[in-house]
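Below is one structure, written out as structure tokens; the observations come after it.
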Amino acid sequence: MAGKKPRRSRSLTLGVLLIVLAGIWCIFKLSSGGGAHISGATNEERVQYIETFGWNAAPVPSSVEEVRIPSRFDEAYTQYNALQKEQGFDLMKYRACFAKKYTYEITNFDGADPVVPICANLLVIDGEIIGADISSSEANGLVTVLAKK
């Protein structure tokens with residue numbers, strides 16, 4: 001009987017330790033952005049994501065380019081990242097990384113100049129949308145969140 005008591009105590013200690021470790025792992029995953037991931041691996045997923053905000057997007061991107069998120073943010077990129085944070089994104093996590101930038105023309109933007117297209121831009125890394133905006137192609141033009149205001 002004396003031999004069974006330490007075994008039960010070890011099992012209990014091991015169980016508590018596993019529960020604590022599982023809790024720490026969950027906290028780490030939630031705090032490191034392990035929450036919702038937005039898939040943008042396919043053209044259909046990207047267009048569908050844009051359209052969930054009420055925009056009519058062209059069926060294919062007008063451009064696809066590789067962009068590098070800077071390792072140090074200047075004032076302009078700090079402001080751009082603030083816009084991303086409004087939407088639940090944070091580009092700070094992706095400093096010095098390369099992303100694909102998909103640009104889709106928007107056909108239902110109220111008050112748009114017919115000469116200057118309004119576009120939705122999606123930043124994608126490893127099939128996951130990490131950033132998005134609505135912008136015009138003119139210098140000092142519109143840049144705003146994807147959600148309609």
Side-chain angles (χ1 to χ4, degrees), residues 10-149:
R10 273 188 245 150
S11 296
L12 182 60
T13 302
L14 182 60
V16 169
L17 180 61
L18 288 174
I19 290 170
V20 168
L21 289 174
I24 291 170
W25 180 81
C26 286
I27 290 169
F28 174 76
K29 288 298 280 181
L30 289 174
S31 68
S32 66
H37 294 283
I38 303 166
S39 183
T42 67
N43 185 63
E44 291 76 23
E45 289 173 329
R46 293 186 296 272
V47 169
Q48 182 179 23
Y49 179 69
I50 293 166
E51 291 180 347
T52 61
F53 294 97
W55 301 112
N56 294 336
V60 294
S62 57
S63 72
V64 179
E65 58 186 296
E66 188 169 66
V67 296
R68 183 176 181 269
I69 298 166
S71 56
R72 292 188 181 182
F73 288 7
D74 61 9
E75 182 61 30
Y77 224 90
T78 298
Q79 289 177 0
Y80 183 70
N81 195 43
L83 178 125
Q84 295 304 321
K85 286 180 176 182
E86 287 180 42
Q87 305 176 103
F89 299 119
D90 186 359
L91 299 179
M92 291 292 282
K93 300 176 194 176
Y94 303 100
R95 289 179 293 177
C97 292
F98 287 91
K100 291 273 188 184
K101 178 182 170 190
Y102 295 89
T103 301
Y104 294 85
E105 286 193 32
I106 299 297
T107 60
N108 65 330
F109 192 88
D110 291 335
D113 181 344
V115 178
V116 180
I118 300 295
C119 299
N121 299 294
L122 301 179
L123 296 173
V124 178
I125 294 179
D126 295 331
E128 180 183 341
I129 297 171
I130 61 147
D133 68 74
I134 295 288
S135 65
S136 67
S137 59
E138 66 186 350
N140 297 319
L142 166 80
V143 178
T144 190
V145 295
L146 204 58
K148 283 189 174 185
K149 292 185 176 186

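Val47 places none of its side-chain heavy atoms less than 4.5 Å from the side chain of Pro59. Put simply, the side chain of Val143 reaches to within 4.5 Å of the side chain of Ser135, judged on heavy atoms. Between Tyr102 and Ile129 there is no side-chain heavy-atom pair separated by less than 4.5 Å. Contact check for Phe73 versus Arg95: side-chain heavy atoms found under the 4.5 Å cut-off. The side-chain heavy atoms of Ile106 and Ile50, taken from C-beta on, include a pair separated by under 4.5 Å.
The minimum heavy-atom distance linking Tyr104 with Ala57 is given by the pair CB-CB, 4.3 Å. When all heavy atoms of Arg46 and Ala41 are compared, the closest pair comes out as NH1-O, 3.3 Å. Scanning both residues, Ala99 and Ile125, for their nearest heavy atoms gives CB-CG1, 3.6 Å.
Put simply, the residue from Val124, Ile69, Asp90 that forms a side chain to side chain contact (heavy atoms under 4.5 Å, CB included) with Ile130 is Ile69. When each of Glu45, Glu128, Gln48 is checked for a side chain to side chain donor-acceptor pair (under 3.5 Å) with Ser39, only Glu45 meets the rule.
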Could you check Gln84 against Tyr80 for side chain to side chain donor-acceptor pair (under 3.5 Å), going step by step and ending with a plain yes or no? CA-CA 6 Å; Gln84 295 304 321; Tyr80 183 70; 3.2 Å; yes
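Considering CG of Leu146 and CD of Glu86, their distance stands at 12.0 Å, rounded to 0.5 Å. The NZ atom of Lys100 lies 10.0 Å from the CD atom of Glu65; values are rounded to the nearest 0.5 Å. Separating the CH2 atom in Trp55 from the CD1 atom in Ile134 is a distance of 5.0 Å, to the nearest 0.5 Å. For the atom pair CG (Asp74) and CD (Gln79), the distance works out to 9.0 Å, reported to the nearest 0.5 Å.
Tyr49 and Phe89 have perpendicular rings, their planes meeting at more than 60° on a 0 to 90° scale where under 30° would count as parallel.
Put simply, the side chain of Gln87 gets close to the backbone of Ala132: a donor and an acceptor are under 3.5 Å apart. Proximity of a side-chain donor or acceptor of Ser71 to a complementary backbone N or O of Ala96 within less than 3.5 Å is not detected. At least one donor-acceptor pair under 3.5 Å links the side chain of Asn108 to the backbone N or O of Asn56.
The 12-atom threshold is not exceeded at CG of Asp126, counting heavy atoms of other residues, nucleotides or ligands nearer than 6.0 Å. Counting heavy atoms of neighbouring residues, nucleotides and ligands inside a 6.0 Å radius, atom CD of Glu51 exceeds 12 of them.
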